[in-house]
Amino acid sequence: MIIRPMLRQVRELVAEALQPGGLAIDATVGKGSDTLFLAERAGESGRVIGFDVQEAALEKARARLAEAGVAERVELMLVSHAAMQNAVPADWHGRVRAVTFNLGYLPGGDPAVVTEAESTLAALDAGLELLAPDGVMTVMLYAGHEQGKAETQAVLRWAEEVELERAHVLLYRFLNQRNDPPVLVALEKRR
Ligand SMILES: C[S@@+](CC[C@H](N)C(=O)[O-])C[C@H]1O[C@@H](n2cnc3c(N)ncnc32)[C@H](O)[C@@H]1O
């Protein structure tokens, strides 16, 4: 599966930033695979908040987290990630160790529910604000579907404009794939 090396990269970056007891946010829960990873890394004393706008997806994620025995440390919100700034408790601000985005639509979910540039950019601003120094934000982007092209361009422009003093911003991309392979943007907060 083409996406595996990218996901591995996401997990390595997150694993380094998020230690037991840490706070984390999954901005696009879907069926919960990133949420589960964050919850495992955060450990029993850590906390994770997850956002999605598809109730059916959140139900699947909820079951998966319960099965893994980590549901108590996760709060799932049926809220757009664009509202992240206000939805996250005030005492989380500046203390979040990892924020993950996996944009686009949910395979096997409602194909009409897809992330959109405007709300994504609002959520990225919020995520960067919420991060602790040395915290990490990862953004998986898929330009292979129509909406994804515009969203990918918008996110790359946004990422290029993040001030150097604020975060290190990296782009991971394949050099030898056909069509429009996924790309990964990763930010490490500086201050
Ligand atoms: C590629 S999927 C995420 C897959 C997920 N990481 C998993 O493990 O299944 C993208 C998700 O973003 C959700 N989404 C779309 N617009 C959103 C929004 N404004 N706020 C939060 N989630 C949104 C979709 O419902 C979908 O579940």
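It should be emphasised that the depicted structure is a prediction, and the values quoted were computed from it without experimental measurement. Throughout, residue positions are numbered sequentially from 1 according to the sequence presented. Both ligands and their constituent atoms are indexed starting at 1 by order of listing.
Counting protein heavy atoms only, atom 9 (O) of ligand 1 is closest to Lys31 N, 2.8 Å. Nearest non-hydrogen protein atom to atom 26 (C) of ligand 1 is Asp52 OD2, 3.5 Å. Taking atom 5 (C) of ligand 1 as the reference point, the nearest protein heavy-atom neighbour is Val29 O, 3.3 Å. Of all protein heavy atoms, the one lying nearest to atom 15 (C) of ligand 1 is Thr115 CG2, 3.5 Å. Closest to atom 20 (N) of ligand 1 among all protein heavy atoms lies His81 N, 2.9 Å. Here the protein heavy atom with the shortest distance to atom 19 (N) of ligand 1 is Ser80 OG, 3.0 Å. Nearest protein heavy-atom neighbour of atom 8 (O) of ligand 1: Ser33 OG, 2.6 Å. The protein atom (non-hydrogen) at minimum distance from atom 23 (C) of ligand 1 is Val53 CG2, 3.8 Å.
Proximity of Gly104 to ligand 1 is established by a heavy-atom distance of less than 4.0 Å. Ligand 1 is approached by Gly32 to a heavy-atom distance shorter than 4.0 Å.
A heavy-atom distance below 4.5 Å is found between the side chains of Leu36 and Leu65. Arg11 is listed as a side-chain neighbour of Phe37, based on a closest heavy-atom distance under 4.5 Å. A heavy-atom distance below 4.5 Å is not found between the side chains of Asn102 and Thr100. Counting only heavy atoms from C-beta outward, the side chains of Arg73 and Val48 never approach each other to under 4.5 Å.
Listed by number with element, the atoms of ligand 1 under 4.0 Å from a non-hydrogen atom of Thr28 are 3 (C), 5 (C), 6 (N), 11 (C), 12 (O). Every atom of ligand 1 is numbered from 1 in the order shown, and the set under 4.0 Å from a heavy atom of Leu103 is 1 (C). Ligand 1 places these atoms under 4.0 Å from at least one heavy atom of Gln54: 24 (C), 25 (O), 27 (O). Counting the atoms of ligand 1 from 1 in the order shown, those under 4.0 Å from a heavy atom of Gly30 are 5 (C), 9 (O), 27 (O). Atoms of ligand 1 lying under 4.0 Å from at least one heavy atom of Val113, given by number and element, are 25 (O).
In this structure, the side chain of Asp52 does not engage the main chain of Thr28 through any donor-acceptor pair within 3.5 Å. The backbone N or O of Gly127 sits nowhere less than 3.5 Å from a side-chain atom of His81 that would complete a donor-acceptor pair. For Arg64 (side chain) and Lys31 (main-chain N/O), a donor-acceptor pair under 3.5 Å exists by modelled atom type.
Note that CG of Leu103 is 7.0 Å distant from CG of Leu124, once rounded to the nearest 0.5 Å. For the atom pair CE (Met137) and CG (Leu130), the distance works out to 9.5 Å, reported to the nearest 0.5 Å.
Residue contacts with ligand 1 for Ala27 involve N, CA, C or O but no side-chain atom from C-beta outward (heavy atoms, distance under 4.0 Å). Using a 4.0 Å cut-off between heavy atoms, Tyr105 contacts ligand 1 through its backbone alone, with no side-chain atom that close.
Both Leu128 and Leu23 are part of a single hydrophobic cluster, where members link through side-chain heavy atoms under 4.5 Å apart.
Selection from Asn102, Thr120, Asp26, Leu106 by nearest heavy atom to atom 10 (C) of ligand 1 gives Asn102.
Across Val14, Asp26, Thr138, a single residue satisfies side-chain contact (heavy atoms from CB on, under 4.5 Å) together with Asp34, and that is Asp26.
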